[in-house]
Amino acid sequence: MDIRSFFSAIENIMIVETKGITKSFSSLQVLKGIDLSIDEREIVAVVGPSGAGKTTLLQIMGTLDRPDAGMLSFMGIEPFGLSERDRASFRNRHIGFVFQFHQLLPEFTALENVMIPALIAGRSYDEAAKRAKDLLAFLRLSDRTGHKPAELSGGEKQRVAVARALMNNPSVILADEPSGSLDSKNKDELHTLFFDLRNEMGQTFVIVTHDEQLARLADRIVYMKDGLITS
């Protein structure tokens, strides 16, 4: 291997890989053999019509659902080979989630919502609070730490959700229609934020989206139709 190939290999570390993933619900086969790899620091948009299997694939990649067949690997670790308890711990440590409707707990403040993954992981309250405050400051939400979700705008809620996803410094963030409920201004700000996080924190993203603008900004677009990757 020459020096150029050596450094190219270092720069392209595979974070997630799926091979032959299939999934059916009753008689409906939703995924029909998905092969996909995601490299470190890559932003990948998964697009396609409704019913293509995009969200099902994201749920399996997030270990929230188990495939009928095939293999999922995170940096050489196969999470579906772990016990349910160990898989939950693995998910908490290595995978961040951002959903269309933020999924913040209404009874907790922004700061408390962001802290939750770290507290689940067993980190001390003070350590979790410091990390959460740093993330909220980075996302320009320092003045909103004590506010509950009902007191936040749509864009602020989604930025809190992004901070929560970043809390344990995950290997990858999986986002399902993250800007689907936002107006144009907040949508543009969220899209910019994803790329800022990749550039400044080295974060990797897999984003299921119908938003053509966001998809065009991604490093790579994966097209799905009828349970298959078409290109």
Side-chain angles (χ1 to χ4, degrees), residues 14-39 42-106 116-117 120 157-158 161-162 164-165 168 170-182 190 194 204-212 214-215 218 220-231:
M14 187 183 298
I15 296 292
V16 186
E17 182 181 21
T18 72
K19 289 185 177 179
I21 294 289
T22 65
K23 181 68 178 181
S24 295
F25 297 98
S26 298
S27 60
L28 177 64
Q29 188 172 16
V30 178
L31 299 178
K32 302 174 182 177
I34 300 296
D35 297 335
L36 180 63
S37 62
I38 309 296
D39 289 339
E42 191 175 24
I43 296 180
V44 176
V46 182
V47 303
S50 297
K54 305 183 299 297
T55 294
T56 300
L57 175 61
L58 205 70
Q59 289 174 336
I60 290 173
M61 292 176 66
T63 74
L64 297 172
D65 200 0
R66 181 183 289 271
D68 296 332
M71 182 275 294
L72 171 69
S73 172
F74 273 82
M75 299 169 293
I77 297 172
E78 298 184 23
F80 289 114
L82 304 174
S83 68
E84 186 172 342
R85 179 176 179 177
D86 287 345
R87 187 165 60 253
S89 178
F90 180 91
R91 180 169 55 242
N92 173 258
R93 174 66 185 83
H94 289 283
I95 307 171
F97 296 93
V98 179
F99 303 99
Q100 180 174 354
F101 295 106
H102 60 76
Q103 304 292 352
L104 300 177
L105 298 178
I116 288 171
I120 291 173
K157 291 174 187 174
Q158 206 61 318
V162 171
R164 179 183 59 190
N168 287 339
S171 303
V172 63
I173 289 181
L174 306 178
D176 192 0
E177 298 289 357
S179 57
S181 63
L182 301 180
L190 184 67
F194 289 153
T204 305
F205 286 89
V206 181
I207 306 170
V208 165
T209 184
H210 283 102
D211 192 298
E212 294 181 2
L214 175 55
R220 180 159 52 108
I221 303 175
V222 174
Y223 294 93
M224 289 187 67
K225 184 178 180 180
D226 298 330
L228 293 167
I229 291 176
T230 58
S231 64

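Scope of the values below: all heavy atoms of this structure, side chains included, with no hydrogens, waters or symmetry mates. Note that this is a predicted model, so its numbers are computed, not measured.
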Pairs involving residues 43-72, ordered by first then second residue, that meet ring pair (Phe, Tyr, Trp, His ring centres under 6.0 Å) (sequence neighbours left out):
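As it turns out, there is no ring pair (Phe, Tyr, Trp, His ring centres under 6.0 Å) pair with a partner in residues 43-72 once direct neighbours are skipped.
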Looking only at heavy atoms, which two atoms of [X] and [Y] are closest? And how far apart?
X	Y	result
Asp39	Ile15	C-CG1, 4.0 Å
Thr209	Ala45	CG2-CB, 4.3 Å
Met61	Val206	CE-CG2, 4.1 Å

Pairs satisfying side-chain hydrogen bond (donor to acceptor under 3.5 Å, both in side chains), at least one member in residues 221-231, at least two apart
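The answer is none; no pair qualifies.
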What side-chain hydrogen bond (donor to acceptor under 3.5 Å, both in side chains) pairs are there with at least one residue in residues 79-91, not counting sequence neighbours?
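Listed once each, the pairs are Thr63-Arg91, Ser83-Asp86.
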Value rounded to 0.5 Å, distance of OG1 in Thr18 from CG in Leu36
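Spacing of OG1 (Thr18) from CG (Leu36) equals 5.0 Å.
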Taking salt bridge (Lys or Arg N to Asp or Glu O under 4.0 Å) as the definition, give me every residue that meets it alongside [X], ordered by chain and number, with sequence neighbours left out.
X	result
Lys19	Glu17
Asp176	none
Asp65	Lys23
Arg220	Glu42

Suppose we screen for side chain to side chain contact (heavy atoms under 4.5 Å, CB included). Which residues come up paired with [X], at least two apart in sequence or across chains?
X	value
Lys157	His102, Leu104, Leu152
Ala52	Pro49, Lys54, Met224
Ile77	Phe90

Can you sort out the partners of Gln59 under side chain to side chain donor-acceptor pair (under 3.5 Å), two or more places apart, ordered by chain and number?
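For Gln59, no residue satisfies side chain to side chain donor-acceptor pair (under 3.5 Å) once neighbours in sequence are set aside.
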All side chain to side chain donor-acceptor pair (under 3.5 Å) counterparts of Thr56, not counting sequence neighbours:
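Not a single residue meets the side chain to side chain donor-acceptor pair (under 3.5 Å) criterion with Thr56.
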Heavy atoms, side chains only, cut-off 4.5 Å: are Val98 and Phe205 in contact?
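Sidechains of Phe205 and Val98: no contact.
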Are any side-chain N or O atoms of Arg93 and backbone N or O atoms of Asn168, one a donor and one an acceptor, separated by less than 3.5 Å?
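Answer holds: yes.
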Looking at Ser73 and Gly76, would you say the former's side chain and the latter's main chain have a donor-acceptor pair under 3.5 Å?
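Answer holds: yes.
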